Each structure stands twice: as C-alpha cells, then as structure tokens.
Amino acid sequence: MNNIPNKTFNEQVYEIVSSIPKGYVMTYKQIANKLNCRAYRAVGNALNKNPHPISKVPCHRVIKTNLELGGYAWDIMRKVELLEAEGITFKKIGYDPSKWIVKR
DNA sequence: CCGTTGACTCTTT
DNA sequence: AAAAGAGCCAACG
C-alpha cells in the first residue's frame, strides 16, 4: 500500500492509536483496517519502534484481536497496570501476562 | 476438537 | 538485499 498522503504508514498508526479514548482498547486489526491495510504486523512493529513517548502514543491500549494482551516493548506489567488504572480489567489466566484476556 | 504450519502484510534494521 | 518484528487467518494432522 502506498497511497499514504504525506504521512508514513507508521505515522498514521500513531495518529489512530493516540486517538483511542481513555478506558478503551483497540485491536491491531482494527487499526490496520482503518488504514485500508492488512498489515497488522506492521502496526505492531510501528509501535515497537515507536519514537514517541507513551503519553502521546498509548501503545498499552492496543491488544490482539482475540482480546489477549499481546506483546509490549517495555515491561508487560507496565501495560497491565496502565490499563487497570484506566478502568480496564483482565482475566489473569496462567503465568504469561501476554495471554491474559481483556474483560469487556 | 486441538495444536502446529504456512502464507500475508509492511516497516525498520 | 535479507530477515525480524508486540499479529491474523486458513489449512492440515
């Protein structure tokens, strides 16, 4: 996909992610879908290399399509705590935080 | 029904 | 130029 008007793919990703309301989460697929792409992978990668501070681009509000947490470049527990602080809760199943499910 | 494998997509290193 | 990366889905056993 190269119909990107002036902004790079990853800038578009940041814009969408930064527009996620507090207390709400969005999936990688939804973000990719909004860009008319299927590059869910690229979305995750953009957030991984994200050059912006977390306060500007809340990557912790981005989860997998099956509502699992997915990964996180810094501490996964950080993601959990931030989301809980926004009123989001999880089903803490197992010992792997990336597999915890977001309650909706 | 479940777990594993492969194909897809896009950016960055 | 090639491979990896915070994923998703379909197909196969």
Side-chain angles (χ1 to χ4, degrees):
Chain A
M1 294 307 225
N2 269 331
N3 295 337
I4 304 174
N6 224 352
K7 284 174 185 146
T8 60
F9 182 90
N10 107 14
E11 284 293 321
Q12 300 283 343
V13 171
Y14 302 141
E15 189 169 334
I16 292 177
V17 173
S18 63
S19 71
I20 302 177
K22 172 178 171 291
Y24 195 72
V25 292
M26 190 165 282
T27 66
Y28 293 101
K29 189 177 185 181
Q30 286 297 312
I31 293 168
N33 188 35
K34 268 185 167 52
L35 296 174
N36 288 329
C37 293
R38 302 154 195 71
Y40 342 96
R41 234 354 176 113
V43 174
N45 199 7
L47 293 174
N48 184 7
K49 309 275 164 51
N50 130 37
H52 299 292
I54 186 169
S55 30
K56 192 172 161 86
V57 180
C59 12
H60 58 274
R61 290 188 193 144
V62 183
I63 58 174
K64 301 212 305 185
T65 303
N66 58 302
L67 301 184
E68 289 180 0
L69 285 186
Y72 204 65
W74 300 338
D75 298 310
I76 183 67
M77 291 310 282
R78 183 83 167 137
K79 188 173 185 175
V80 174
E81 289 178 25
L82 285 167
L83 287 171
E84 284 184 329
E86 293 182 355
I88 298 170
T89 50
F90 313 94
K91 245 179 160 183
K92 300 177 182 175
I93 302 177
Y95 306 94
D96 189 351
S98 40
K99 287 184 184 160
W100 291 353
I101 315 271
V102 174
K103 258 205 249 166
R104 39 163 285 156

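Chain letters run A, B, ... following the sequence lines, proteins first, then strands; residues in each count from 1. This one's a predicted model, so the numbers in the text were calculated from it and none came from an experiment. What's counted below: heavy atoms across the whole structure, side chains too, no hydrogens, waters or symmetry copies.
- Separating the CH2 atom of W74(A) from the P atom of dA6(C) is a distance of 14 Å, rounded to the nearest angstrom.
- Both Y14(A) and R41(A) lie close to DNA chain B; mapped to their nearest nucleotides by heavy-atom distance, the more 5′-ward contact belongs to R41(A).
- Partner assigned to dA6(C) is none, using Watson-Crick or G-U wobble distances below 3.5 angstrom.
- The CG atom of N36(A) sits 11 Å away from the P atom of dC10(B) (whole-angstrom rounding).
- Distance alone, capped at 3.5 Å, is enough to place a donor-acceptor pair between the D96(A) side chain and the S98(A) backbone.
- For the pair T65(A) and dC8(C), the criterion of a side-chain N or O lying under 4.0 Å from OP1 or OP2 is met.
- Relative to the side chain of K49(A), the nucleotides dT13(B), dC8(C), dC10(B) differ in distance, and dT13(B) lies closest.
- In the set dA4(C), dC9(C), dA6(C), the nucleotide with an atom closest to the side chain of Y72(A) is dA6(C).
- Of the candidates dA6(C), dC9(C), dT11(B), dA6(C) carries the atom nearest the C59(A) side chain, counting heavy atoms from C-beta on.
- What separates OH of Y40(A) from P of dA7(B) is a distance of 16 Å, to the nearest Å.
- The side chain of N48(A) has dG5(C) as its nearest neighbour among dC10(B), dC8(C), dG5(C).
- Residue A42(A) is the one, among K64(A) and A42(A), whose nearest nucleotide of DNA chain C lies closer to the 5' end (criterion: closest heavy atom).
- When Watson-Crick and G-U wobble pairs are counted only if both distances are under 3.5 Å, dC2(B) pairs with dG13(C).
- Although no hydrogens or angles enter the test, the distance criterion places no donor-acceptor pair under 3.5 Å between the side chain of R61(A) and the main chain of V17(A).
- The separation between N66(A) atom CG and dA6(C) atom P is 17 Å, rounded to whole Å.
- Here the P atom of nucleotide dT11(B) and the CZ atom of R38(A) are 14 Å apart, to the nearest Å.
- Between Y14(A) and H52(A), the ring planes lie perpendicular to each other; the angle is over 60°, past the 30° to 60° tilted range.
- If you take CG of L69(A) and P of dG7(C), they are 11 Å apart, rounded to a whole angstrom.
- Whole-Å rounding puts the N50(A) CG to dT11(B) P distance at 16 Å.
- K29(A) has a side-chain polar atom (N or O) that falls below the 4.0 Å cut-off from OP1 or OP2 of dC9(C).
- Salt-bridge annotation for E68(A) and K79(A): absent, with no side-chain N of the basic residue lying under 4.0 Å from a carboxylate O of the acidic one.
- Using a 4.0 Å cut-off, no side-chain N or O of N10(A) falls inside it from OP1 or OP2 of dC10(B).
- Atom-to-atom distance recorded for H60(A):NE2 and Y72(A):OH is 6.5 Å, nearest 0.5 angstrom.
- Rounded to whole Å, atom C1' of dC8(C) lies 12 Å from atom CD of E68(A).
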